2 protein chains.
Amino acid sequence: MPQAKFTSGPTLAKVPIFSGLTEAELTFLTERAVPRRYTAGEIVFGEGAPCSGLYVVETGHVRIFKSSANGREQVLSIDGPGSSIAELPVFDGGSYPASAAAIDDATLLFISKQDFQALCLAHPQVALKVLRVVGSRLRRLVGIIEELSFTTVRHRLASFLLRLAEKEGKRTREGVEINLPVSNQELASQIGTVRELVSRNLSRLQAEGMLKIEGRSLTIYDLKALEAELHSAE
Amino acid sequence: MPQAKFTSGPTLAKVPIFSGLTEAELTFLTERAVPRRYTAGEIVFGEGAPCSGLYVVETGHVRIFKSSANGREQVLSIDGPGSSIAELPVFDGGSYPASAAAIDDATLLFISKQDFQALCLAHPQVALKVLRVVGSRLRRLVGIIEELSFTTVRHRLASFLLRLAEKEGKRTREGVEINLPVSNQELASQIGTVRELVSRNLSRLQAEGMLKIEGRSLTIYDLKALEAELHSAE
DNA sequence: GGCTGGCGATGACTTTTGTCACACTCGTCA
DNA sequence: TGACGAGTGTGACAAAAGTCATCGCCAGCC
């Protein structure tokens with residue numbers, strides 16, 4: 001948890017929960033926000049640790065995850081610049097419900113519980129904004145539960161690929177090309193399974209002619225066909 | 001959605017998110033809260049419906065759940081008197097992320113989005129209280145994800161029984177006796193599986209001498225032994 | 001070069017989960 | 001009384017998930 005003298009001027013203004021604050025309020029907050037730098041893989045906070053405040057991602061990305069006794073992990077959320085994390089445990093006084101780690105080198109701004117609560121009381125709109133972002137977080141969690149409870153690994157993998165294709169797929173002559181940004185291990189913990197099943201299901205999709213695997217780059221021949229997968233046996 | 005002329009005086013004061021309001025504020029709110037009565041099994045709102053406001057449970061119990069295309073259901077939460085439900089979609093403007101249905105005959109108070117938002121702006125503490133209850137809701141969801149992702153049906157069943165035993169188990173000469181308050185079907189959708197597996201796993205626990213099944217009443221011989229189950233192969 | 005470590009693929013196997021079909025029990029109600 | 005329905009129990013399967021072990025590739029490094 002190294003500290004840095006570091007001006008973090010314009011950052012907070014871009015954070016959804018702080019939008020709408022006046023210049024003065026922002027600088028007030030900026031003065032109290034403590035920047036912290038993390039190297040790739042470094043733990044920001046561990047599940048169960050007492051919660052001392054919230055973080056805003058300034059640069060880099062953070063992974064929020066649960067880990068199990070036998071070494072598996074389940075990713076709950078991945079947050080990039082502008083996202084706030086751990087807004088919730090700040091209020092209910094409990095400990096962090098999951099762990100957070102930097103994915104790449106990252107800078108976070110730490111805002112103490114006290115400062116933040118004071119801010120919320122002084123500016124009810126902030127609390128409402130927090131409720132809004134928390135709402136979307138809750139939706140995401142419910143979505144994870146739905147997928148885990150109702151669908152197969154194959155299905156979850158297909159949705160993952162489709163989401164990815166939608167976001168950063170490149171159209172080519174053959175179809176849509178995407179780059180797997182993460183290892184199979186990481187992909188597995190994002191969709192709630194193990195390394196081997198990711199590998200196997202990818203191969204199987206290839207064998208079925210849905211896509212082509214070239215190293216870490218995939219070409220999906222037909223998005224519609226893959227999508228149809230999802231509705232076939234859900 | 002029948003309506004009832006019905007005085008709901010003291011109820012709101014007992015709802016956590018409204019505690020701390022003045023008498024005047026409470027009556028203000030009470031005047032605008034619309035009581036609605038539901039019969040057992042009746043739907044309060046369906047997943048995906050536009051969110052018009054939140055509900056406070058006055059009497060009875062409400063089940064919040066997701067349903068899948070092939071008829072399975074996953075229970076997210078069960079809320080009794082004093083709980084508020086659907087606080088979150090009120091803020092992010094989206095639709096209800098899951099469905100809600102009355103378990104038994106129930107009375108709910110409906111508070112419109114507008115009234116509630118106004119209240120939060122006027123009384124920042126209310127927003128903070130909401131954040132607190134939302135926090136615990138989020139913890140519960142994360143807990144569900146953890147169980148679904150890391151554990152087996154057997155494990156989840158054992159935890160369910162232990163929680164139940166803790167809450168309303170009666171010590172007898174043989175061990176702790178509990179009454180299954182719900183059908184196997186319902187139990188299954190609470191722990192994320194199907195009817196048959198609940199039945200089978202219960203039988204198996206009995207065969208292994210962990211407990212005795214007599215109709216809907218179970219006797220757990222040794223809580224410690226059952227608890228040990230949880231840590232053996234998680 | 002050769003060694004090593006991380007990652008991916010894959011075969012063999014076990015366990016768990018889910019599906020389908022059917023029988024049984026126990027009320028309720030005509 | 002008997003039919004019906006809801007809920008339960010269970011056997012037989014089939015499919016999915018997970019584990020273990022092994023192999024190969026490639027990049028980094030001495």
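On a predicted model such as this, the values are computed, not experimentally measured, just so you know. Below, chains carry the letters A, B, ... as their sequence lines are ordered, and counting in each starts from 1. Reckoned from all heavy atoms, side chains included, excluding hydrogens, waters and symmetry mates.
- Taking the ring centre of A:Phe91 as origin, the terminal cationic atom of B:Arg132 falls outside the region bounded by 6.0 Å and 45° from the ring axis.
- If you measure from atom CZ of A:Arg156 to atom P of D:dA16, you get 13 Å, rounded to the nearest angstrom.
- In this structure, CD of B:Glu229 is placed 11 Å from P of C:dT16, rounded to the nearest angstrom.
- Between B:Arg154 and B:Glu229 there is a salt bridge, since a side-chain N of the basic residue sits under 4.0 Å from a carboxylate O of the acidic one.
- Between B:Ser183 and D:dA6 there is no side-chain N or O to OP1 or OP2 distance below 4.0 Å.
- When distances are taken from the side chain of B:Val194 to each of C:dG18, D:dT19, C:dC20, the shortest belongs to C:dG18.
- Judged by closest nucleotide on DNA chain D, B:Gln185 is the one of A:Gly192 and B:Gln185 placed further toward the 5' end.
- Between the P atom of D:dG7 and the CG atom of B:Asn179 lies a distance of 17 Å, rounded to the nearest Å.
- In this structure, the CD1 atom of A:Ile191 is 13 Å from the C1' atom of D:dA16, given to the nearest Å.
- A salt bridge is defined here as a Lys NZ or Arg NE, NH1 or NH2 lying under 4.0 Å from an Asp or Glu carboxylate O, and B:Lys66 with A:Glu146 meets this definition.
- The base of D:dG9 lies close enough to the side chain of B:Arg195 for a donor and an acceptor atom to sit less than 3.5 Å apart.
- The residue among A:Ser149 and A:Asn184 whose nearest nucleotide of DNA chain C is located toward the 5' end is A:Asn184.
- Rounded to whole Å, the distance from CG on B:Asn70 to P on D:dA16 is 12 Å.
- Following rounding to the nearest Å, A:Arg72 (CZ) and C:dT16 (C1') show an atom-to-atom distance of 13 Å.
- A salt bridge links A:Arg204 and A:Glu208; the closest N-O separation between the charged side-chain nitrogens and carboxylate oxygens is under 4.0 Å.
- Between A:Glu196 atom CD and D:dA16 atom P the separation is 18 Å, expressed in whole Å.
- The separation between B:Leu148 atom CG and D:dA17 atom C1' is 14 Å, rounded to whole Å.
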With a 3.5 Å cut-off and sequence neighbours excluded, list the donor-acceptor pairs that the side chains of residues 185-192 of chain A form with protein atoms.
unit_1	atom_1	unit_2	atom_2	d
A:Glu186	OE1	A:Arg63	NH1	2.5
A:Glu186	OE2	A:Arg63	NH1	3.1
A:Glu186	OE2	A:Gln190	NE2	2.9
A:Ser189	OG	A:Glu186	O	3.1

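- Checked by atom type, the side-chain pair A:Arg140/A:Ser77 shows a donor-acceptor distance below 3.5 Å.
- Taking the side chain of B:Thr152 as heavy atoms from C-beta on, and the options C:dT17, C:dG18, C:dT19, the nearest nucleotide is C:dT17.
- The aromatic rings of A:Phe45 and A:Tyr96 lie parallel to each other, their planes meeting at an angle below 30°, with 60° marking the opposite boundary.
- Across residues 197-216 of chain A, A:Ser199, A:Arg200, A:Ser203, A:Arg216 each have a non-hydrogen atom less than 4.0 Å from an atom of DNA chain C (numbered order).
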